[in-house]
Amino acid sequence: MATFSTSQPLSLPRHPSLSNPNHPTTNNERSRHTISLIDRCADLRQLKQIHAHMVRTGLFNDPYSASKLFAIAALSPFASLDYACKVFDQIPQPNSFSWNTLIRAYASGPDPLRSIWVFLDMVSESQSYPNKYTFPFLIKAAAEVSSLSLGQSLHGMAIKSAVGCDVFVANSLIHCYFSCGDLDSACKVFTTIQEKDVVSWNSMITGFVQKGSPDKALELFKKMESEDVKASHVTMVGVLSACAKIRNLEFGRRVCSYIEENRVKVNLTLANAMLDMYTKCGSIEDAKRLFDQMEEKDNVTWTTMLDGFAILEDYEAARDVLNSMPKKDIVAWNALISAYEQNGKPNEALLVFHELQLQKNTKLNQITLVSTLSACAQVGALELGRWIHSYIKKHGIRLNFYVTSALIHMYSKCGDLEKAREVFDFVEKRDVFVWSAMIGGLAMHGCGNEAVDMFFKMQEANVKPNGVTFTNVFCACSHSGLVDEAESLFNQMESSYGIVPEDKHYACIVDVLGRSGYLEKAVKFIEVMPIPPSASVWGALLGACKIHANLSLAEMACTRLLELEPRNDGAHVLLSNIYAKSGKWESVSELRKHMRVTGLKKEPGCSSIEIDGMIHEFLSGDNTHPMSKKVYGKLHEVMERLKSNGYEPEMSQVLQIIDEEEMKEQSLNLHSEKLAICYGLISTEAPKAIRVIKNLRVCGDCHSVAKLVSQLYDREIIVRDRYRFHHFRNGQCSCNDFW
DNA sequence: CTAGGGTTAG
């Protein structure tokens, strides 16, 4: 038998007029031979050869033979849509099969909607009618582009064409409704199927898993079992994915034994799903064992394993996996970058990003950019963030919701609120995350009223707020003292927006009330909370007590907070200072001893500043920076100049998170933000703004110093502290000294 | 002669 592994001339039956008239082969046999050759074609050249032959012999005029050739042209591994279309146009009267084939080819091509245009041609211009094979392809196209209205129209047409009850049509509708987010319709279709097959169940199970209801997927699986439907390997993939999402190792293990007992065929995809379940559920031993057993591995296998180590924060092992990958792809790089970024290691994430850029064959994608922008936001790497933004523009990368939110978030957190607004205004469509990012940005910069306005504009745009939106709005209210607005929105959260307040929302309201001086009200609010107050709730109250110098309440809040978070360093230091202020010296020494014994230390103040794309970090009292001497020289000069302009160091805030050692640093003006600002003065020129990021709250003295420097040195200074931004300009701060 | 459901990174 002839097989064509490489392109060779074909031995085609000869033209009837040329063949020996006495030769016994009939036309029928000749066409059978030609058609069997079509099936064994290995490339387009061979196919075209047969095509030419068929035209010459007239075989192409036979609808069956022509459709056979066309199907290979459109669907084989070496298919060419261009060529297939030309073949199709030559078919005199394409039958339904040929139309279906063309629709199928387009539906799984790069532009699925083109299959709809073919369908319209079929309906309007041909004698062929759509049948039960036609609709699954079209519905698949609708699913691909997530067009609910298209899916609904096709659903209606399928019913009119009397194929609405066909199980293939119904199954593709389930898939389509899920991908359009219309879960109710998907369920309705499912319940109307008379004879559900395993694919019907699988479509439901994977639909629920992918749309964020893994628990429902597991329920369905149990129901499927109780109805004695035999699960397939695709069922297993879906169920394992559900287990991975809800971190249910026990159920996941049961699924694995089910697979063994029922001899479900374990292919690569299923093995990968098992691996993912083990890693996500935290059983790295099982994962390692499976990984070592797997004979065949693909990039999914490697990346899943990489992520498994990253989850355990074993970055060395994760890195080893990346290094061992035969063909590293962007997904694997993204996994490492995002692992660092999401575990509070943004600098490491940026290092990996820089390394990735040196790889010639790996193209960044939207996910790379989202993770990296998020890392930029954390460290305040505005220059790199800007570079990524221009990269996005230059390469025409689409601003989807993720990328848009990430850009807004990056610009906001790096202190460039105007740029954040530009991005927000530029995009045409905004989802809840884009709106929330913008509201959050306004909140950080103390634009409370604008944030609240934005919240209402969002409703006008028919975008429903979520829990994050409310957190950001409350945060905005808090920084701007908008007590009434916050209270009124809080009261509507559940009744009007259907969002059950969580502990972070309660903490926000306590913060709003407390900051504005309504300490009693805040306490009452905590007392009537329907859920037990969390550490962040007490933390918010404590913060308010600090601002308003309420010692007794602070002591209570501190005690509650330490019950919930025994290793909260700030609360310890603060409590010891409270005791000191109240003369409870025994309690002070007890607490200090406790801290020494348990090795609890106050997180050191740290400020950073980006110069020419490099992040420079300063700890308080730091002299490790290469330009340390010059920085201190500048600091001395600044302080002298400030003093001669009437500045007096502020040494007596009532409550501060300062430990004994820091007292000395405080008196010597060694706070990290002062060092970073001085470094900024040395290494940049006006009118460039000095942007500093601090890990803790900016202290009162540094705040006054920054105000004066902005005036006397005529420099804009932008400081991001743990909670918000301070824009210092002409001796004023954007926070109006309310923070 | 045709068809549907699947795993990794935000």
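Throughout, a chain's letter reflects where its sequence line sits, starting with A, and its residues are numbered from 1.
- A:Thr206 comes within 4.0 angstrom of the backbone, heavy atoms only, and of no base.
- Contact between the side-chain N/O atoms of A:Thr304 and the OP1/OP2 oxygens of B:dT7 is not found at any separation under 4.0 Å.
- Nucleic acid contact class of A:Thr269 (heavy atoms, under 4.0 Å, all strands): base.
- The separation between A:Tyr106 atom OH and B:dA3 atom C1' is 20 Å, rounded to whole Å.
- Atom C1' of nucleotide B:dT2 and atom CD1 of A:Ile72 are separated by 12 Å, given to the nearest angstrom.
- A donor-acceptor pair under 3.5 Å is absent between the side-chain atoms of A:Ser147 and the main chain of A:Ala143, judged by distance alone.
- The nucleotide whose nearest atom lies closest to any side-chain atom of A:His175 is, among B:dC1, B:dG6, B:dA9, B:dG6.
- Screening A:Phe137, A:Phe119, A:Tyr129, A:Phe88 for a ring-ring contact (aromatic ring centres under 6.0 Å, His included) involving A:Trp99 leaves a single residue, A:Phe88.
- Note: CD1 (A:Ile91) to C1' (B:dT2) measures 14 Å, nearest angstrom.
- Residues A:Phe168 and A:Phe135 place their aromatic rings such that the two centres sit no closer than 6.0 Å.
- Put simply, A:Gln210 has a side-chain N or O that comes within less than 4.0 Å of OP1 or OP2 on B:dG6.
- With contacts defined as side-chain heavy-atom distances shorter than 4.5 Å, the pair A:Ile72/A:Phe78 qualifies.
- B:dT2 atom P lies 11 Å from atom CG of A:Asp39, rounded to whole Å.
- A:Asp329 comes within 4.0 angstrom of no nucleic acid atom, judged by non-hydrogen atoms across all strands.
- Looking at heavy-atom distances under 4.0 Å, A:Ser232 makes contact with a base.
- Within the nucleic acid shown, A:Asn100 comes within 4.0 Å of at least one base atom, counting heavy atoms only.
- Non-hydrogen atoms lying under 4.0 Å from DNA chain B are contributed by nothing in residues 345-356 of chain A.
- Using the six-membered ring where Trp is involved, A:Tyr315 and A:Tyr340 have ring planes that are parallel, under 30° apart on the 30 and 60° scheme.
- Ring centroid separation for the pair A:Phe353 and A:Trp333 does not come in under the 6.0 Å cut-off.
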Result block: side-chain N/O donor-acceptor pairs under 3.5 angstrom for residues 263-275 of chain A, not counting sequence neighbours:
{"from": "A:Asn267", "atom 1": "OD1", "to": "A:Thr269", "atom 2": "N", "distance (Å)": "3.3"}
{"from": "A:Asn267", "atom 1": "OD1", "to": "A:Leu270", "atom 2": "N", "distance (Å)": "2.9"}
{"from": "A:Asn272", "atom 1": "OD1", "to": "A:Thr301", "atom 2": "OG1", "distance (Å)": "2.8"}
{"from": "A:Asn272", "atom 1": "ND2", "to": "A:Leu268", "atom 2": "O", "distance (Å)": "3.4"}
{"from": "A:Asn272", "atom 1": "ND2", "to": "A:Asp298", "atom 2": "OD1", "distance (Å)": "3.2"}

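- Contact annotation: A:Arg104 side-chain N/O to B:dT2 OP1/OP2 distance is not under 4.0 Å.
- Rounded to a whole Å, the CD atom of A:Glu341 is 14 Å from the P atom of B:dA9.
- Between A:Trp117 and A:Tyr106, the gap from one ring centroid to the other reaches at least 6.0 Å.
- Contacts of residues 127-137 of chain A with DNA chain B (heavy atom under 4.0 Å): A:Lys132, A:Tyr133, A:Pro136, A:Phe137.
- Note on A:Gln366: every side-chain N or O is 4.0 Å or more away from OP1 and OP2 of B:dA9.
- Within 3.5 Å, a donor on the side chain of A:Thr303 pairs with an acceptor on the base of B:dT8, or the reverse.
- In this structure, the CD1 atom of A:Ile193 is 19 Å from the P atom of B:dA3, given to the nearest Å.
- The CG atom of A:Leu102 sits 18 Å away from the P atom of B:dT2 (whole-angstrom rounding).
- Using a 4.0 Å heavy-atom criterion, one finds that A:Asn267 contacts the bases of the nucleic acid, with or without backbone contacts as well.
- Side-chain contact between A:Phe251 and A:Ile246 is absent, with no heavy-atom pair separated by less than 4.5 Å.
- Remark: P of B:dG6 and CG of A:Leu275 are 20 Å apart, rounded to the nearest angstrom.
- Among the protein residues, A:Lys280 comes within range of the sugar-phosphate backbone only, with heavy atoms under 4.0 Å from sugar or phosphate atoms but none that close to a base.
- Contact record, A:Asn95 with A:Pro63: ND2-O, 4.4 Å, taken as the closest heavy-atom pair.
- At distances below 3.5 Å, not a single donor-acceptor pair connects side-chain atoms of A:Thr303 with backbone N or O atoms of A:Val331.
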